[in-house]
Amino acid sequence: MNELEYKIYIDDVIRRVETARLQVSAHHIVKIVAISKYSTADEIEKLYKIGQRAFGENKVQDLKAKATELEELPLEWHFVGNLQKNKINNLLNINPSLFHALDSVELAQELQKKLLAKDMSLDCLLQINSAKEDSKHGVMPELACSIYKQIQKECPNINLKGVMSIGAHSDDKSVVKKSFEITHNIYKQLGGATICSMGMSGDFELAIECGSNMIRLGSVMFNK
Ligand SMILES: *Cc1c(COP(=O)(O)O)cnc(C)c1O
């Protein structure tokens with residue numbers, strides 16, 4: 001695809017996001033984070049050139065490599081993957097704009113210690129395992145509000161901005177919808193939360209209809 005063809009292709013993705021968000025309300029804004037984990041720095045640059053600014057990775061080493069290679073561009077980097085404790089310092093050295101996958105009090109406490117030592121703060125989302133799947137990270141939905149408040153209280157260098165979830169792994173649309181509704185309900189109960197990150201290439205329209213205001217699009221943004 002040349003640049004013009006890619007632009008036309010992305011216009012169509014944007015149109016799909018627009019249609020879904022307008023079904024919620026004309027005031028409902030949805031931010032797209034382009035997940036570049038299957039894409040090269042060259043492909044990221046092509047998408048940047050047609051207007052995309054926010055990108056995300058799910059491995060600390062890949063985030064570091066791509067952010068370094070593209071450091072001359074004014075990109076906004078998100079980290080959406082599971083964070084191992086021994087990778088915390090590496091992540092903080094990149095200073096991402098948002099960490100989507102804070103998934104336990106224990107990780108929050110480790111992160112807090114490292115943030116304090118570096119005199120930094122980090123914007124984070126609490127990941128919720130809304131469909132209670134063994135294969136997924138995240139806190140159980142019934143514990144989410146109390147864990148969120150505990151982290152707010154005990155970890156002053158972590159700025160919790162809201163929640164993140166991956167839709168249920170199911171071909172049944174009603175099951176996926178239910179998982180998004182559970183996450184959005186938790187989001188609404190959290191005073192001051194502003195980000196509800198849910199929806200990926202296969203389910204972003206449904207996620208938006210359920211109230212998502214940040215979608216993480218990998219394959220569909222890079223036409224893979
Ligand atoms: C890979 C990934 C995405 C994007 O997945 P696609 O299906 O390619 O859109 C979104 N969120 C997380 C956490 C991911 O790891």
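Counting from 1, the numbers follow the sequence of the chain as shown. Whatever order the structure lists ligands and atoms in, that order sets their numbers, starting from 1.
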Salt-bridge contact Glu76-Lys31 (side-chain N to carboxylate O under 4.0 Å)
yes

Pair Asn157-Lys118, side-chain donor/acceptor within less than 3.5 Å:
no

N or O contacts of ligand 1 with protein under 3.5 Å, please list pair by pair.
| from | atom 1 | to | atom 2 | distance (Å) |
| --- | --- | --- | --- | --- |
| ligand 1 | 8 (O) | Ser219 | N | 2.8 |
| ligand 1 | 8 (O) | Ser219 | OG | 3.1 |
| ligand 1 | 9 (O) | Ser201 | N | 2.9 |
| ligand 1 | 9 (O) | Ser201 | OG | 2.5 |
| ligand 1 | 9 (O) | Gly218 | N | 2.7 |
| ligand 1 | 11 (N) | Arg216 | NE | 2.8 |
| ligand 1 | 15 (O) | Lys37 | NZ | 2.7 |

Could you tell me whether Glu57 and Lys66 make a salt bridge, using a distance below 4.0 angstrom between a side-chain N and a carboxylate O?
yes

Is it true that Glu43 and Lys46 make a salt bridge, defined as a side-chain N closer than 4.0 Å to a carboxylate O?
no

Tell me, do Asp103 and Leu126 make a side-chain contact under 4.5 Å, heavy atoms counted?
no

Go through the side-chain N and O atoms of Asp172 and Ser174 and say whether any donor and acceptor fall under 3.5 Å apart.
yes

